[in-house]
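Encoded as structure tokens, the structure appears first; notes follow it.
Computed from a predicted structure; not experimentally measured. Each chain gets a letter, A, B and so on, in the order the sequences are listed, and its residues count up from 1.
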Amino acid sequence: MSKGVTKQSEDYAKWYTDVVLKGELADYGPVKGTMIIRPYGYAIWESIREAADKMFKETGHVNAYFPMFIPESFMTKEAEHVEGFAPECAVVTHGGGKKLEEPLYVRPTSETIIWSAYKKWINSYRDLPILINQWANVVRWEMRTRLFLRTTEFLWQEGHTAHASAAEAEEETRKMIEVYRKLAEEHLAIPVYVGQKTDAEKFAGAVHTYCIEAMMGDKRALQAGTSHYLGQNFAKAFDVKFLNKNNELEYVYATSWGVSTRLVGGLVMAHGDDKGLILPPKVAPYQVVIIPIYKKEEDRSAILEKLSQIASDLESKNIRVKIDDNTQQSPGWKFNQYEMQGVPVRMEMGPKDLEKGHVVIVRRDTGKKEFLQTDAITNTLVELMPVMQKDLFDRALAFREAHTKTVNNYSEFKEMIDEGNFVKAYWAGDDRHEEEIQKETKATVRVIPFEQPQAKGTCFYTGKPADKIAIFGKSY
RNA sequence: CGGGGCGUAGCGCAGUCCGGUUAGCGCGCCUGCUUUGGGAGCAGGAAGUCGCAGGUUCGAAUCCUGCCGCCCCGACCA
């Protein structure tokens, strides 16, 4: 196995795979498209999960769990939904050594099984809203898979809420896309465009879909989270009605929303460089890795004693620390390994440092080295963590802004897309126009941002008056 | 499903065209000694149904036939 990772400029896709495999985030499973999430990668997912779960609870949601097996008859109840999902579903036909009377779909998402339960639970407006989230695995038989970004089985959370009015459900849909924006920007340090999907890109079964959309290091777009306003589509399919305050029967209004382990892939591609991963402090399994350097046994014990003191001091301030005193690898090997794994800060201490009462600190994002007096370590690092978190966000934002171009006509559009940019332009086209553009340029409307300019304009493609701008890009 | 490529040690590969002793190399792994401030050195060692099945041949990783699997590009995809 070669030492480093492929350079981004040489082959970005290879770079990504190298970082994920050699950084020990994940490995391939035995079945095509499946993924083993290794402890280091899983720790990153756990951090994302904890942050998200906290926000869900703060917004009034509770967790529950629904079965993985869905009767075939459920899947076929919502026409658009079945059309969208049936081709990519795994189906169980046998159980207990016998052919099943009704095939069971392995959930690709849980709207159907959850709404079949909501039918039992909802009678009156007094039963609403229901604000349930579940953490689960889902299966989609994808043709082309990539670790974290698109795998046959993946982990995610799916919120499924039921409401007594369209307005309330719409408010929930918006509230949750805002939760995702915060998760991406404040926790993962990934800047995102927030807005609405076009009809061509929306969820199968939704009235409309909101999303957060991020730019990766190769300037391609990654859909990082979605929140769907489902209207009464699933309530009608599963006949879920409630008595409103006027004693009238009405179909229930629904939302669903999710983020997945894809976010881990987004994290890799939003911040990584030629040395590997760069983790924002908030998601890093350990924020500081401490590497002792010594030759003689007496140096070793003195250095380790000092370092464990420093480590427990940092831990008392809630900084996650790992001391690597493994003697099998050289310090140089460790430097490279932890850089590949994106640990925010490295601390070194050798005999000379111990003598002088300082340590060496190296920031992963800038590579800058500095000496720190031992009594200043804790305060300095406590202050450094939020600074690094912000710097990473700012850097990603500056990169995205530098590669988002505004255009006024189709030839400019093609040129800018060809160079790999996001394109921002007035848009009044429909599904058909979008398809034409995709055929010619591979780019699609990633999102129609909520944030819009005051002025109206002219659609760059159809020439019609347009009151919205859209963000186009090539996507993962 | 169409086009291209690849299956040889845990990983990455050479050897295949043109059949011929005991199938090599790098990394990793094991043992020992020396090392440790940017992927350590030396010595020794373990590890292979050459993707599977059949055929040709005195002899097959190598030639022939069939099959299986994987990767890349395209189609497809929240």
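- For A:Y294, the ring pair (Phe, Tyr, Trp, His ring centres under 6.0 Å) criterion is met by no residue, not counting sequence neighbours.
- Using a 4.0 Å cut-off between charged nitrogen and carboxylate oxygen, A:K197 and A:E213 count as a salt-bridge pair.
- Residue A:K442 places its side chain closer to B:G74 than to any other of B:G38, B:G74, B:G37.
- Pairs passing the salt bridge (charged side-chain N to carboxylate O under 4.0 Å, His left out) check and including a residue from residues 64-81 of chain A, sequence neighbours excluded, do not occur.
- Base pairing annotation: B:G28 forms no Watson-Crick or G-U wobble pair, as no partner gives both donor-acceptor distances under 3.5 Å.
- Nearest nucleotide to the A:K352 side chain, out of B:C77, B:G37, B:G39: B:G37.
- Counting non-hydrogen atoms under 4.0 angstrom, A:E348 reaches a base of the nucleic acid.
- Nearest to the side chain of A:R140, among B:A78, B:G39, B:U36, sits B:A78.
- Contact annotation for A:W156: base contact, defined as any heavy-atom pair under 4.0 Å involving a base atom.
- Contact check of residues 173-196 of chain A against RNA chain B (heavy atom, cut-off under 4.0 Å) returns no residues at all.
- In this structure, A:L230 atom CG and B:A78 atom P are separated by 15 Å, rounded to whole Å.
- Residue A:R346 is classed as a base contact, given a heavy-atom separation below 4.0 Å to a base.
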Kindly give the atom pairs (protein nitrogen or oxygen, nucleotide nitrogen or oxygen) under 3.5 Å for nucleotides 3-5 of chain B.
none

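- Note on A:T109: a base of the nucleic acid sits closer than 4.0 angstrom, heavy atoms only.
- If you check distances only, the side chain of A:Q329 never reaches the base of B:G39 with a donor-acceptor pair under 3.5 Å.
- Partners of A:T112 according to the side chain to side chain donor-acceptor pair (under 3.5 Å) rule, which considers only residues two or more places apart in sequence or in another chain, do not exist here.
- Of the options A:F422, A:F413, A:Y193, a ring-ring contact (aromatic ring centres under 6.0 Å, His included) to A:F472 is made by A:F413 and by none of the others.
- Among the nucleotides B:U36, B:A78, B:G39, the one closest to the side chain of A:I293 is B:U36.
- Along RNA chain B, the nucleotide nearest to A:L354 and the one nearest to A:K197 differ in position, and the one closer to the 5' end is contacted by A:L354.
- Under the rule for a ring pair (Phe, Tyr, Trp, His ring centres under 6.0 Å), A:H160 has no partner lying at least two apart in sequence or in another chain.
- Contact annotation: A:K202 does not reach the phosphate of B:A78 (side-chain N/O to OP1 or OP2, under 4.0 Å).
- Base pairing analysis places B:A40 opposite B:U34; the two distances defining the Watson-Crick or G-U wobble pair are each below 3.5 Å.
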